[in-house]
2 protein chains.
Amino acid sequence: MACLCEQIAGSGIDLSPVCIGHLWIFQNLEADEVEALSREALRKKSTAGQALFLQGDPTDEMFLIKGGRVKLSKVLEDGTELTLDIRKAGDFVGENMFSEEGRYPISAYCIEDTLTCGFSRSQFEQLVLQHPKVGLQIIKNLSERIAWLTRRVGSLAVTNIEDRLYRVLTSVAKEHGMTSPQGTIIQFPLTHEDLSFLIGAHRVSITRAMKALKAAGKILHEDKRLILPGLKIA
Amino acid sequence: MACLCEQIAGSGIDLSPVCIGHLWIFQNLEADEVEALSREALRKKSTAGQALFLQGDPTDEMFLIKGGRVKLSKVLEDGTELTLDIRKAGDFVGENMFSEEGRYPISAYCIEDTLTCGFSRSQFEQLVLQHPKVGLQIIKNLSERIAWLTRRVGSLAVTNIEDRLYRVLTSVAKEHGMTSPQGTIIQFPLTHEDLSFLIGAHRVSITRAMKALKAAGKILHEDKRLILPGLKIA
DNA sequence: TCCTGCATGTAACAACTGCTACAGAAAGAT
DNA sequence: ATCTTTCTGTAGCAGTTGTTACATGCAGGA
């Protein structure tokens, strides 16, 4: 498929097979409209560690991740950092764009080299007005995000750290994992510190909880990769 | 204004001044369309304690609260109950309707006598397709919900119960509070047990945290009403 | 090779929260 | 008024987590 992205990405990044034209959001557009959009979208190549946007920046852009991985995190008032989500190729980032507040409530950092397509708010609004079905698709996607966040709230409300860890691992495995005969494998390495940000607990507590989960047979650790034996991907 | 709601509600419920025609979502509709919608909407009167829907029910309806107050809560796997949000007249409930899962991830209970207008999913989809601007409005509203939930996740991630309580009180006061010379007053009574569900902590811990907050001067307690002196409503 | 930096594992103690039990206060009901 | 129920406040103890400190293992660079 002819796609600008491939030329821009070069060889360093594994691209998602999803290009704009294939994306669920744009399913109901005409070929020439897709092409027009594709021309307008702002490609950006970011290296690991760079930020797409920072908490407090004005919300004027929304990103489609073409390749790589992006971490969404929030700095709380007491200075603690909390990782909300890790998004991968094919996902959107910046769904708060339409919020009245006008500022991102979170930061988005690339944790791998990443290629994104950006859309401005006005581009989007125009698109929705011209293509109501696109609006419906977005509404559904936002609904999913809300359901996901609702589950996330549930995870954090569990006081027990061991359970919280297992929930988060399960959730990560479902979104980024790969099925294998032994169970679901989480592809990329997660340090205990990464997990402590995801869970909102001390690093040492993660070590304790991991030990307990391993002892209970709920997780395995092979070649720096985590495996959840009791989990099948839907 | 002539509105069916008033006739149905009777005298027991304080109605929101917002009727369908005035609601932000329907701002860009023609008068006759508003009227058609108003006819189609399913009014329902519920008494305190009744559920609008339960966790696990199929998601086929979305509600506009005309009067009263509704509590959204989630039962976690370990049996704990967590209150996610308390919504008031003028708010929507059931924004998960469009999610793929097809089941509500939470329950909605009336905590006061409540009058609601219900819309089915198909009604809504049709509406969005015919009026793209309505779609945009909904997208913005869902964006707000996402921002709100993001803050909620932040609140729960704070391990300290005293801070968590203060955040939750602040949030409740912003949504339901009234400005007074002393600060923002939370109108309706919240028992320590209610708060324990909102915060995900033991009832006794709430009592302890309340004591600490009072001692620190961050909250006042007058006539069963909570007052936050250091808070102005935007 | 050694050194350095980073991730992991362990230990001990302090602090906090959950849990249970009980007592007094407040609000309704009969 | 009396009884009942619900809410609030207190106390003590057990269990969990935060915090700090240190040891180990592993990888990359000089």
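In what follows, chains are A, B, ... by sequence order, proteins preceding strands, each numbered from 1.
- Per the geometry, CG belonging to B/L195 stands 15 Å off C1' belonging to D/dG9, to the nearest Å.
- In this entry the distance linking CZ of B/F188 with P of D/dC7 reads 15 Å, nearest Å.
- Residue B/K214 places at least one side-chain N or O closer than 4.0 Å to OP1 or OP2 of D/dG9.
- Contact check, B/K211 against D/dT8: no side-chain N or O comes under 4.0 Å of OP1 or OP2.
- Judged by distance alone, the side chain of B/R121 and the main-chain N or O of B/M97 form a donor-acceptor pair under 3.5 Å.
- Along DNA chain C, the stretch of nucleotides lying under 4.0 Å from any heavy atom of chain B spans, 5' to 3', C/dT17 to C/dA27.
- Rounded to an integer number of Å, the gap from B/E193 CD to D/dT8 P is 9 Å.
- Rounded to whole Å, atom P of D/dC7 lies 15 Å from atom NE2 of B/H202.
- Across all strands shown, B/T207 has heavy atoms under 4.0 Å from base atoms, whether or not it also approaches the sugar-phosphate.
- The end-to-end axis angle of the helix from C/dT1-D/dA30 to C/dT30-D/dA1, rounded to 10 degrees and based on five pairs per end, is 30°.
- The separation between A/D163 atom CG and D/dT16 atom P is 11 Å, rounded to whole Å.
- Of the N and O atoms on the side chains of A/R151 and A/S155, not one donor lies less than 3.5 Å from an acceptor on the other residue.
- At least one side-chain heavy atom of A/L195 sits less than 4.5 Å from a side-chain heavy atom of A/L169.
- Going from atom NE2 of A/H221 over to atom P of D/dC26 covers 13 Å, rounded to whole Å.
- The aromatic rings of A/F92 and A/F119 lie tilted to each other, with the angle between the two planes from 30° to 60°.
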- Task: Kindly determine whether B/R203 and B/T207 satisfy side-chain hydrogen bond (donor to acceptor under 3.5 Å, both in side chains), including the steps that lead there.
- Result: CA-CA 7 Å; B/R203 200 272 304 168; B/T207 304; 3.2 Å; yes
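- Side-chain contact between A/H221 and A/L226: present, with at least one pair of heavy atoms (C-beta onward) separated by less than 4.5 Å.
- In this structure, A/K218 satisfies the cation-pi test against A/Y166, with its NZ or CZ atom closer than 6.0 Å to the six-membered ring centre and inside 45 degrees of the ring normal.
- A donor-acceptor pair under 3.5 Å links the side-chain atoms of A/H176 to the main chain of A/I86, judged by distance alone.
- Taking every heavy atom of both residues into account, B/K66 and B/A89 meet most closely at O-CB, 3.5 Å.
- When each of A/R203 and A/E162 is assigned the nucleotide of DNA chain D bearing its nearest heavy atom, the one mapping closer to the 5' terminus is A/E162.
- We find that NE2 of B/H192 is positioned 8 Å from C1' of D/dC7, with the value rounded to whole Å.
- When the P atom of D/dT10 is taken as reference, atom CZ of B/R208 falls 12 Å away, rounded to whole Å.
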